[in-house]
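Residue numbers begin at 1 in each chain, while the letters A, B, ... track the order of the sequences. On a predicted model such as this, the values are computed, not experimentally measured, just so you know.
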Protein chains: 2
Amino acid sequence: MEVREYKRDEWIIREGMRPDYLYYVIEGKAKIYVTYQNGKVSLINFINAHDYIGEMELLHEVYYTKGIQASAKTVCFEIPLHHYRKKLLEDTTFLRELTKFLSVKATKMAEKYSQGLSFPLENRLADFILQTADGDVYKEKHVTVCDFLGVSYRHLLHVLVQFCEKGYLQKEGRHYHIRQPDDLHRLADVLKNE
Amino acid sequence: MEVREYKRDEWIIREGMRPDYLYYVIEGKAKIYVTYQNGKVSLINFINAHDYIGEMELLHEVYYTKGIQASAKTVCFEIPLHHYRKKLLEDTTFLRELTKFLSVKATKMAEKYSQGLSFPLENRLADFILQTADGDVYKEKHVTVCDFLGVSYRHLLHVLVQFCEKGYLQKEGRHYHIRQPDDLHRLADVLKNE
DNA sequence: CCCGAAATATGAGATATCTCATATTATTGT
DNA sequence: ACAATAATATGAGATATCTCATATTTCGGG
């Protein structure tokens with residue numbers, strides 16, 4: 001097993017390249033991207049500390065590998081598959097652990113789905129900004145964001161302007177500086193309770 | 001292992017009652033409900049043929065069991081846990097199978113989440129109607145539906161009236177008769193491609 | 001260095017959806 | 001059988017969000 005560190009924007013896995021390792025994230029955060037037939041690239045999900053990466057490739061013989069990019073400094077354990085694949089798939093302790101991880105993930109996504117629909121962009125964007133920020137700098141491409149959040153470009157800009165007017169963010173060139181993280185957290189937290 | 005059949009509206013698992021079996025759905029469909037502290041009951045997800053039920057209870061020592069109700073005739077394999085729990089958790093073939101199932105489920109939910117937000121109620125409601133209908137009869141409670149779809153009661157009614165005006169549905173008492181399933185499928189399919 | 005494509009911006013009008021107010025039925029407990 | 005509560009309905013005005021049109025700026029390739 002190896003330990004490796006990735007910098008912000010570094011690719012942990014390149015899309016389409018079946019990975020040679022099973023990864024376990026110790027620290028950091030990353031984004032999952034996929035490219036569609038028409039060439040459009042979409043952000044589809046996040047990865048955080050204590051998540052596995054590459055488990056789909058471990059489990060499924062045929063699986064289209066998605067791209068994974070660090071969105072802040074990220075540290076992983078990396079287990080070489082060519083050597084340990086067979087062992088892992090026969091290790092009941094590991095399988096139980098992975099099954100638990102996946103069951104929790106599936107449940108969380110289901111919750112997110114059935115709730116997330118309800119809230120206005122203001123709340124979902126606050127959550128998104130906090131999830132993707134590197135320290136106090138937010139610099140995602142608007143195009144990617146409105147695709148991920150399922151909202152029009154126009155409206156995204158509109159809400160970002162509001163955040164700046166309220167002082168939550170400050171625009172600096174083409175990045176945004178997070179000035180009042182507490183206010184963003186307050187908005188994002190609305191998504192989490194019921 | 002036993003085989004059992006449930007009728008529409010019959011409870012497969014009662015909320016809060018840890019199940020005695022691991023279930024595998026051979027045929028049919030069901031709904032997952034949870035009751036919150038304030039007493040509100042929410043529909044949170046669906047179960048279809050080839051899904052497992054009760055795997056969360058098998059895997060996690062502490063887990064709050066949600067209610068599961070058949071929404072059409074449903075047939076399950078049922079494996080008694082008191083006898084087979086230990087065996088299942090040490091059976092690598094079974095664990096691999098379950099892990100695959102959960103990984104697919106998690107991925108599907110993530111997709112649904114990142115896409116589902118985008119579409120107007122018209123599309124999501126069409127999908128919902130087809131998923132919950134028993135034959136050609138749709139009879140979910142409006143209150144439950146607008147909670148699940150994250151939409152206001154007022155707006156749900158508005159769109160249902162439109163569906164009736166367009167002839168997709170026909171209101172009969174407090175149920176709806178599906179008259180043009182093809183049109184509903186056309187609307188629902190929009191959710192599925194990219 | 002220039003070009004074209006992609007990304008960023010901004011305005012204005014159209015829809016989708018929400019909130020609130022208010023009636024009219026079902027359902028349920030007593 | 002009655003009252004209380006939940007579910008169904010409907011209207012009207014307020015917001016959130018979309019679509020389209022159009023400029024400006026950034027960026028990679030030749």
In whole angstroms, how far is the P atom of D/dT10 from the CD atom of B/Glu165? 11 Å

Hey, could you give me each pair passing side chain to side chain donor-acceptor pair (under 3.5 Å) that has a residue in residues 5-14 of chain A? Not counting sequence neighbours. A/Arg4-A/Glu10, A/Tyr6-A/Glu78

State which residues pass ring-ring contact (aromatic ring centres under 6.0 Å, His included) with A/Phe46; sequence neighbours excluded, sorted by chain then number. A/Phe128, A/Phe148

Nearest-Å distance for atom pair CZ/C1', residues A/Arg124 and D/dA16: 11 Å

Test salt bridge (Lys or Arg N to Asp or Glu O under 4.0 Å) applied to A/Arg124 and A/Asp127, step by step: CA-CA 5 Å; A/Arg124 292 183 287 129; A/Asp127 185 50; over 6 Å; no

Rounded to whole angstrom units, what separation is found between the CG atom of B/Leu157 and the P atom of D/dA12? 16 Å

Can you check the B/Leu121 CG to D/dA16 C1' distance for me, whole Å? 15 Å

For the pair made of CG in B/Leu187 and P in C/dA16, what is the distance, rounded to whole Å? 13 Å

Can you classify the ring geometry of B/Tyr138 versus B/Tyr176 as parallel (below 30°), tilted (30 to 60°) or perpendicular (above 60°)? tilted

Could you check how far NE2 of A/His158 sits from P of C/dT8, rounded to whole Å? 18 Å

Check for a donor-acceptor pair, side chain of B/Arg96 on one end and backbone N or O of A/Leu59 on the other, with a separation under 3.5 Å. no

Separation of C/dT8 C1' from A/Asp147 CG (nearest whole Å): 17 Å

Reading nucleotides 18-27 of chain D from the 5' end, what letters show protein touch, with B for base, S for backbone sugar-phosphate only, - for no heavy atom under 4.0 Å? BB------SS

I want to check something: taking the side chain as every heavy atom from C-beta on, are B/His60 and A/Val104 in contact at a cut-off of under 4.5 Å? yes

Rounded to the nearest angstrom, tell me the gap between atom CG in A/Leu160 and atom P in D/dT17. 13 Å

